[in-house]
K.L.:
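Got a structure for you, written out below as structure tokens; questions coming shortly.
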Amino acid sequence: MAISQARIIESLEQACSNLNPDEFIFSFLDAYGFPKSTITRLRKGGDSRNVAEGDDIGLKKKLYFRAVSKGADLDAEVESLKASEVIARNDIRFVIVTDFESLAAFDLKAEERLETTMDELDKQYAFFLPLAGYEKAVMYSEHPADVKASEKMGQLFDLIRERNDLSKPEDIHALNVFLTRLLFCFYAEDTGIFEQGQMTSAIQSCTQEDGSGVDQFFTDLFTVLNLEPDAPERKDMPAHFQAFPYVNGGLLRDDEPIPEFGRKARRILLDCGSLNWSAINPDIFGSMFQAVIDEEQRGNLGQHYTSVSNIMKVIQPLFLDKLYAELEKSRKRDRKLKELLIRLQNLRVFDPACGSGNFLIIAYKELRKLEMEVIDALNAISDQAEMYYSGIRLSQFYGIEIDDFAHEVATLSLWLAEHQMNMAFKAKFGYAEAALPLRDSGDIVCGNALRLDWEEVCPPADGSGNPREIYICGNPPFLGTTERSKEQSADMKHVFSSFKSIGYLDIVAAWFWKGANFIKGRRAKCALVSTNSISQGDQTSLLWPPIFELGVSIDFCYQTFTWSNNAKNKAAVHVVIIGLKNNEDTSTVPRIFETSREKTTVLKVDNISPYLVPGPNLAVYPRTKPIGPVSKMIFGNKPTDGGHLYVTLEERDEFIEKYPHYAHWIRKVLGSKEFINGGERWCFWLAHIPLEDVMNVPEMVSRVEKIRDLRIKAGHPAALKGAERPHTFLQLAQPLKGNYLLVPRVSSERRSYVPMGFYGVDTISSDANQMVPNATPYEFGILTSEMHNDWMRTVAGRLKSDYRYSATLVYNTFPWPEVTDEQRKHIEELAEEILLIREDYPDKSLADLYDPDKMPAPLREAHKSLDRAVEKLYRDKPFRDAPERLEHLFARYEKLIAEEKAKAPAKKKATRSK
DNA sequence: TATCCGACAGAGG
DNA sequence: CCTCTGTCGGATA
């Protein structure tokens with residue numbers, strides 16, 4: 001049922017403004033796209049489709065509608081309907097009750113409530129969208145226990161914060177520690193570590209309703225949990241405290257102050273106790289808990305937490321697949337299986353950006369599952385039942401996390417995961433180690449991963465100097481140059497101190513560089529989730545050649561996929577996963593994974609290029625000049641005007657009417673949006689007008705002053721210089737005569753060809769485009785060919801996944817073919833044919849013409865002829881596919897660059913690193 | 001001076 | 001809400 005949401009809003013608005021109680025529900029159903037026939041029958045009455053009683057309207061699986069008289073309690077009505085048998089029998093999704101002034105509704109699937117007045121109903125249209133086939137995104141819907149628990153803990157945190165001074169970092173740390181201990185206790189009393197409900201009932205009986213005594217209670221409780229069973233101090237404690245077991249394991253090592261509680265906080269505490277904590281999922285609970293507590297993250301709960309499926313994409317190719325293969329190979333061979341057990345007990349997993357520990361927890365659980373399978377296999381081939389215990393210890397798991405609370409949560413979650421796995425072990429084999437006292441948890445260090453020495457955090461060799469098998473994994477933060485703090489910029493400089501420049505390297509690159517240096521020459525591998533930018537555009541040649549020089553190469557990768565988890569506002573980013581290994585490590589073949597919504601495919605290749613396609617370890621360096629004798633491509637005109645040089649059509653007409661002799665001040669301007677999608681924009685183009693003349697026009701004064709102010713405020717040298725001529729664009733590049741070829745800087749990845757077009761110099765191009773002044777149709781023909789677009793697709797930067805055409809990376813690096821005059825003329829003819837065909841569609845924008853689903857056949861064919869002709873310039877035999885074209889282009893690129901170098905041997909090396 | 005980027009941003013369905 | 005697709009100006013060389 002595809003229906004435009006704008007139409008829904010409009011129809012709802014109409015139904016509510018001309019409110020007719022008898023008709024309302026029918027208009028409502030119509031708004032959400034129910035078939036007219038259904039509505040007509042419902043209106044007539046007596047139809048079997050109506051499953052409701054009396055005057056109500058009910059549609060199976062959809063909704064149940066009831067109108068009540070004014071003054072009735074809508075909520076109570078909804079509640080009673082929700083529980084009624086007719087709702088359950090017909091699997092109703094929405095219950096709606098209205099008195100035609102207000103409306104109350106309940107979504108039984110999402111368990112969400114809506115209360116609104118009728119005139120606001122259109123604003124709430126999204127609530128009922130599932131009726132039209134649009135499902136709502138519900139955060140972590142598959143884990144209601146985690147949601148409830150983390151929300152309750154969040155409330156508790158707020159109440160504690162109200163009452164306690166948390167201005168000093170050590171106070172915050174103390175509270176972090178308290179919350180994680182508390183969480184452990186809730187979990188413990190629901191999972192058999194404590195007696196069922198032991199702590200909650202003790203709180204109930206030992207503390208006052210106004211909250212007094214709660215802090216003392218926890219002081220005593222944590223003391224006793226830290227006392228060994230035979231410790232003499234135990235005897236001094238009240239009897240109900242003595243009943244608590246010895247926990248330790250480092251959870252209660254330090255004596256931290258306990259916050260004070262009020263009446264409300266105590267009540268929430270008891271509420272927490274009544275939740276079922278055994279259903280908590282340590283994999284994601286930690287992230288949610290952290291998100292609830294961390295103020296900065298509250299607005300966008302969990303947007304960066306890594307989903308289990310994405311973690312598996314990292315750890316399976318990194319080590320799990322290989323270990324499982326080992327198990328299959330070793331079945332039936334006692335010695336081999338025992339060796340595998342030993343290996344599992346000795347390998348190390350290290351997440352240098354571990355957050356609340358998701359990767360470590362999943363890795364731990366997966367290794368425990370594998371260990372159980374190995375034990376199974378051992379039991380299957382042995383006559384005597386030997387009692388194998390788990391030998392995998394949390395102390396094999398290392399992490400670095402900068403946030404104190406997240407680091408506490410990570411430590412705790414590992415314990416919870418251990419307990420969970422011990423229970424699974426017991427369920428399978430009938431025995432398991434004691435839950436208490438807790439053993440050492442993971443080695444999680446609270447600190448800055450870019451400053452710490454990773455080898456100190458995760459020693460690459462054991463005490464006797466034997467090298468360890470180590471797997472580095474994780475999802476480090478992504479941060480471009482503009483959003484970084486001063487400290488983070490300094491961190492980057494520190495990590496890349498051996499680099500000549502770090503350009504636009506994303507901060508995540510620092511983890512790759514440190515990771516590559518860590519694994520170099522060791523029995524170690526590293527795989528990280530990253531923004532796709534580090535294998536695109538400018539960053540590729542900065543990061544990868546130095547990594548390859550270490551003797552490290554790409555072991556496997558997941559090509560770009562869109563970031564996704566169950567959070568409401570998931571981060572808008574396209575990511576890749578890249579695994580690194582030493583060149584000498586031949587235990588695996590390079591694998592390229594490609595994932596789409598439907599499936600994931602794997603391609604085994606000889607080598608993975610830094611662009612994450614099959615190919616050599618070759619990165620294309622940005623150049624300031626084209627390789628061949630072709631026209632120069634220049635950057636567009638950059639306003640930096642806060643919008644004050646732009647004018648609307650109305651403003652333009654008004655201005656020209658008043659000052660007809662200044663009509664030439666206003667010019668048509670193109671961003672890439674106007675170029676690609678059509679539409680008009682206008683701007684003041686005053687590059688050749690003295691500032692005094694401009695300031696003599698009253699309408700201009702405030703515009704110009706605003707621009708001057710904002711440029712002064714921006715403060716950097718370029719802006720300050722621009723403040724001296726505030727009536728012009730900050731960067732001027734418009735050619736003075738002739739035509740120019742316009743190339744948009746960003747364009748959708750759906751298109752096979754980046755749209756380009758010719759304009760006269762009277763049309764201003766903004767910095768959203770680049771220009772090739774006085775380009776020839778030949779140049780247009782080459783640039784709009786499939787050959788060139790394939791090159792662009794590989795070496796260009798991307799905005800998310802959309803193409804970002806740049807002169808330095810795409811145009812100037814392109815290996816142009818060698819042509820005769822005759823060939824050149826042929827290309828020009830084919831190129832002009834394309835321009836002519838475009839003119840046959842004056843009503844269509846370039847977006848329409850180059851939409852792969854809508855591209856007119858004649859245009860498509862003209863492009864195909866051109867593509868074929870351009871290919872022929874490179875070689876006679878047609879290319880089979882894009883990889884073959886690229887192979888040829890890269891070979892030619894290398895040849896041309898080598899020739900260029902040979903011509904100018906005195907020039908310094910082009911490489912930017914070291 | 002020129003230009004690459006954005007755990008995006010804004011519009012539209 | 002989700003999907004689609006390119007603004008704008010700072011930071012960097």
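So you know, we letter chains A, B, ... as the sequences are listed, proteins then strands, and number each from 1.
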K.L.:
Quickly work out the Y504(A) OH to dA2(B) P distance and round it to whole Å.
P.N.:
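Rounded to the whole Å, the gap is 14 Å.
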K.L.:
Starting from Watson-Crick (N1-N3 plus N6-O4 or O6-N4) and G-U wobble pairs under 3.5 Å, report the runs of at least three that DNA chain B belongs to.
P.N.:
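Counting only runs of 3 or more consecutive pairs, the stems involving DNA chain B are B:1-6 with C:8-13, B:8-13 with C:1-6.
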K.L.:
Holding to ring pair (Phe, Tyr, Trp, His ring centres under 6.0 Å), I want the full list of residues that pass it with Y803(A), two or more places apart in sequence or in another chain.
P.N.:
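Ring pair (Phe, Tyr, Trp, His ring centres under 6.0 Å) list for Y803(A), sorted by chain: empty.
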K.L.:
With C1' as the reference atom in both, quote the distance from dA7(B) to dA13(C) in angstrom, rounded to an integer.
P.N.:
25 Å
K.L.:
Check this for me: does any side-chain nitrogen of one of E651(A) and R703(A) sit under 4.0 Å from a carboxylate oxygen of the other?
P.N.:
yes
K.L.:
Give me the distance, rounded to whole Å, that separates dC8(B) from dC4(B) when you measure between the C1' atoms they each carry.
P.N.:
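Their C1' atoms lie roughly 15 Å apart.
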K.L.:
Figure out the CD1/P separation between I534(A) and dA7(B), and round it to whole Å.
P.N.:
14 Å
K.L.:
Taking V529(A) as the fixed residue, which of V508(A), I311(A), V314(A) is the one that meets the side chain to side chain contact (heavy atoms under 4.5 Å, CB included) rule?
P.N.:
V314(A)
K.L.:
Looking only at side-chain atoms of L809(A), point me to the closest of dC4(B), dG6(B), dA7(B).
P.N.:
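Nearest listed nucleotide: dC4(B).
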K.L.:
Report the residues that fulfil ring pair (Phe, Tyr, Trp, His ring centres under 6.0 Å) with Y850(A), sequence neighbours left out, ordered by chain and then residue number.
P.N.:
H863(A)
K.L.:
Listed by chain and number, what are the ring pair (Phe, Tyr, Trp, His ring centres under 6.0 Å) partners of Y740(A), not counting sequence neighbours?
P.N.:
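Residues passing ring pair (Phe, Tyr, Trp, His ring centres under 6.0 Å) with Y740(A): none at all.
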K.L.:
Find which nucleotide of DNA chain B each of N812(A) and P476(A) is nearest to by heavy atoms, and output the residue with the more 5' nucleotide.
P.N.:
N812(A)
K.L.:
May I ask you to say what T624(A) touches in the nucleic acid, namely base, sugar-phosphate or nothing, with a heavy-atom cut-off under 4.0 Å?
P.N.:
nothing
K.L.:
Heavy atoms from C-beta onward define the side chain here; which of dG6(B), dG9(C), dT12(C) lies closest to that of D767(A)?
P.N.:
dG9(C)
K.L.:
What's the CG-C1' distance between L730(A) and dA2(B), to the nearest Å?
P.N.:
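Value for this atom pair: 11 Å.
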K.L.:
Could you tell me whether R750(A) and D853(A) make a salt bridge, using a distance below 4.0 angstrom between a side-chain N and a carboxylate O?
P.N.:
yes
K.L.:
How is I502(A) classified with respect to the nucleic acid when contacts are heavy atoms under 4.0 Å: base, sugar-phosphate, or nothing?
P.N.:
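I502(A): backbone/sugar contact only, no base atoms under 4.0 Å.
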K.L.:
Does OP1 or OP2 of dC4(B) have a side-chain N or O of S806(A) closer than 4.0 Å?
P.N.:
yes
K.L.:
With a distance cut-off below 6.0 Å to the six-membered ring centre and an angular limit of 45° from the axis, does K62(A) pair with Y32(A) as a cation-pi contact?
P.N.:
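So K62(A) doesn't make the cation-pi contact.
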K.L.:
Check each residue of residues 711-721 of chain A for a non-hydrogen atom within less than 4.0 Å of any atom in DNA chain B, then write out the ones that pass by number, or none.
P.N.:
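By residue number: A718(A), K721(A).
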K.L.:
Measure from the side-chain N and O atoms of E779(A) to the backbone N and O of S631(A), and report whether any donor-acceptor pair falls under 3.5 Å.
P.N.:
yes
K.L.:
Protein-nucleotides 4-7 of chain C N/O pairs closer than 3.5 Å?
P.N.:
residue : atom : partner : partner atom : Å
dG6(C)  : OP1  : N677(A) : ND2          : 2.9
dG6(C)  : OP2  : S748(A) : N            : 3.1
dG6(C)  : OP2  : R751(A) : NH1          : 2.9
dG6(C)  : OP2  : R751(A) : NH2          : 3.3
dG6(C)  : N7   : D802(A) : OD2          : 3.0
dT7(C)  : OP1  : S672(A) : N            : 2.8
dT7(C)  : OP1  : S672(A) : OG           : 2.7
dT7(C)  : OP1  : K673(A) : N            : 3.0
dT7(C)  : OP2  : S672(A) : OG           : 2.9

K.L.:
dT12(C) P sits how many Å from L505(A) CG, rounded?
P.N.:
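To the nearest whole Å, that distance equals 11 Å.
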K.L.:
Please figure out whether T531(A) or K638(A) has its closest DNA chain B nucleotide nearer the 5' end.
P.N.:
K638(A)
K.L.:
Under 30°, 30 to 60°, or over 60°: which ring-plane class applies to F499(A) and W513(A), parallel, tilted or perpendicular?
P.N.:
perpendicular
K.L.:
Once you measure the plane-to-plane angle for Y805(A) and H788(A), does it fall in the parallel (<30°), tilted (30-60°) or perpendicular (>60°) bin?
P.N.:
tilted
K.L.:
Without decimals, in angstroms, what is the distance between I634(A) CD1 and dA2(B) C1'?
P.N.:
11 Å
